[in-house]
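We're numbering straight along the sequence, starting at 1. Side chains included, hydrogens not; waters and symmetry mates left out as well; all remaining heavy atoms used.
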Amino acid sequence: MTKDISTEGLMDAYEALGHKAAGKVAVKISSGEPGGHYFLSPKLIAPLVQSVNGIIVECNTAYGGGRGDTKSHRNTVEKHGFTAIAKVDIMDADGSMSIPVINGKHLKEDMVGSHFADYDFVINLAHFKGHAMGGFGGVLKNMSIGIASSMGKSLIHTAGKETTGFGKGTPQDDFLESMAEAAKAVADYKGDNIIYINVMNNLSVDCDCDSHPAKPEMDDIGILASLDPVALDQACVDLVYAANDGKALIERMESRHGIHTVEYAEEIGLGTRNYDLYTIKK
């Protein structure tokens, strides 16, 4: 962890992992819904993306809006400044591909953007914040909902029942567990060729997928990185609880039973909730 939320701090967090990205590198971010403005700044992430010759990757949404189809999504990523720093690939522009979910309780397969197969290495670069449905979003959400194609997003939201829509009426824990199962499918598919970074700034109770997110009620915390996505999201949750101004985000997480995503991810073997937190520099 570093408290230095800057290009240098982000590079420090990446380099501290000692696990260099190699080959064709996908950098998975949230491009942000038009109208929102708390998504990760292109200026912040540019040196990291460019240092690994990375391609920024995204997938279309399942709910329409400014990222609901490839043409609209490309327009959004350009307006938000991402095409100015790197190539951007909408991974489901040519459809979906299926990757296996091993021993899934809800999902038998995870439908991801078909271009996902093209990449040798993934930097899961997430903006940690609240979320209207999941309670919070970090690296687990960024690799489950985020890497899922539009069809795959619907599968997760409906706990494996539908390939359209976003799961109104799906039991909450079933949805959260489906996110964890999809995240594990991605981790299993890429093996050791994936690293995880959460940037804890602009800590709104709402996701970057919200076109009118609530103003953050707490101060920025820092940047955390890990080779274990479960440990990473757990550490970030713990830092929110430890903050003296985290009331709104804690309420959002608890009202959606958000911690269950991390609990279930540990249960199915994606990682551990136990961790050691090392502070680098500031």
Side-chain angles (χ1 to χ4, degrees), residues 30 32-33 35-36 38-39 61-63 65 67 104-107 110 124 126-148 152-162 165-186 196 198-218 221 224 229-243 245-268 270-271 273:
S30 171
E33 194 66 20
Y38 297 133
F39 52 85
T61 67
Y63 53 78
R67 299 180 298 150
K105 181 162 64 171
H106 306 286
L107 303 180
D110 182 25
N124 180 344
H127 173 214
F128 188 92
K129 69 284 174 192
H131 190 271
M133 297 183 74
F136 74 90
V139 289
L140 292 175
K141 177 182 176 294
N142 198 41
M143 69 194 290
S144 56
I145 296 287
I147 288 177
K153 287 176 171 63
S154 293
L155 271 177
I156 295 167
H157 275 287
T158 62
K161 294 180 174 61
E162 303 288 344
F166 47 96
K168 288 185 177 180
T170 300
Q172 180 67 0
D173 280 2
D174 290 0
F175 161 57
L176 300 175
E177 290 170 3
S178 297
M179 278 206 294
E181 290 181 0
K184 186 172 185 296
V186 169
Y196 308 93
N198 271 334
V199 180
M200 299 187 74
N201 69 343
N202 295 319
L203 290 156
S204 172
V205 299
D206 292 319
C207 181
D208 299 333
C209 60
D210 193 317
S211 59
H212 297 91
K215 184 178 179 180
E217 296 184 26
M218 60 187 303
I221 293 177
L224 288 82
V230 180
L232 180 55
D233 272 1
Q234 181 66 60
C236 292
V237 168
D238 290 345
L239 285 169
V240 172
Y241 273 92
D245 55 0
K247 180 179 178 181
L249 185 47
I250 291 169
E251 191 281 331
R252 174 57 60 90
M253 293 191 296
E254 291 185 347
S255 66
R256 275 48 169 199
H257 198 204
I259 196 62
H260 186 59
T261 307
V262 186
E263 293 171 339
Y264 186 71
E266 180 181 57
E267 181 183 327
I268 62 177
L270 178 52
R273 296 172 68 196

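A donor-acceptor pair under 3.5 Å is absent between the side-chain atoms of Lys153 and the main chain of Thr61, judged by distance alone. For Glu177 (side chain) and His106 (main-chain N/O), no donor-acceptor pair under 3.5 Å exists by modelled atom type. Side chain of His157 to backbone of Phe175: no donor-acceptor contact under 3.5 angstrom is found. No donor-acceptor distance shorter than 3.5 angstrom exists from the side chain of His127 to the backbone of Ser30, with no hydrogens or angles considered. A donor-acceptor pair is defined here as one N or O able to donate and one able to accept, closer than 3.5 Å; no such pair exists between the side chain of Asn198 and the backbone of Gly138. A donor-acceptor pair is defined here as one N or O able to donate and one able to accept, closer than 3.5 Å; no such pair exists between the side chain of Glu217 and the backbone of Ala248.
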*May I have the step-by-step check of side-chain contact (heavy atoms from CB on, under 4.5 Å) for His131 and Arg256, ending in yes or no?*
CA-CA 9 Å; His131 190 271; Arg256 275 48 169 199; over 6 Å; no
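Two residues are said to be in side-chain contact when any heavy atoms from C-beta on lie closer than 4.5 Å; Glu254 and Ile259 fail this criterion. When side chains are defined from C-beta on, Arg273 does not count as touching Val237, because their heavy atoms never get closer than 4.5 Å. Inter-residue side-chain proximity for Glu33 and Pro213 is flagged as unmet; no heavy-atom pair is nearer than 4.5 Å. In this structure, Asp233 and Tyr196 have side chains that are not in contact, with every pair of non-hydrogen atoms separated by 4.5 Å or more. In this structure, Val186 and Asn124 have side chains that are not in contact, with every pair of non-hydrogen atoms separated by 4.5 Å or more.
Note that the OG atom of Ser178 and the CG atom of Leu107 stand 4.5 Å from one another [nearest 0.5 Å]. One finds the CZ atom of Phe128 at 7.5 Å from the CG atom of Leu203 (value rounded to the nearest 0.5 Å). Here Met253 contributes atom CE and His260 contributes atom NE2; the two are 16.0 Å apart, rounded to the nearest 0.5 Å. Note that the CG atom of Leu155 and the CG atom of Asp110 stand 8.0 Å from one another [nearest 0.5 Å]. Distance check, rounded to the nearest 0.5 Å: CD1 of Ile145 to CE of Met133 gives 8.0 Å. Distance check: Lys141 NZ to Phe136 CZ gives 11.0 Å after rounding to the nearest 0.5 Å.
Applying the salt bridge (Lys or Arg N to Asp or Glu O under 4.0 Å) test between Asp206 and each of Arg252, Lys129, Lys215 identifies Arg252 as the sole match.
In terms of heavy atoms, Ala265 sits closest to Val230 at CB-CG2, 3.7 Å. Taking both residues in full, the closest heavy atoms of Gly165 and Ser154 are given as O-OG, 2.6 Å, listed atom of the first, atom of the second, then distance. Leu270 and Ala180 make their closest contact through CD2-O, 4.2 Å (heavy atoms, listed as atom of the first residue, atom of the second, distance). Here the shortest heavy-atom pairing between Phe39 and Gly32 reads CD2-CA, 3.9 Å. A pairwise comparison of heavy atoms in Ala183 and Met143 identifies O-CE, 3.2 Å as the closest pair. The minimum heavy-atom distance between Val139 and Pro229, with the atom names listed, is CG2-O, 3.6 Å.
Side-chain polar atoms of His257 and Gln172 form no donor-acceptor pair below 3.5 angstrom.
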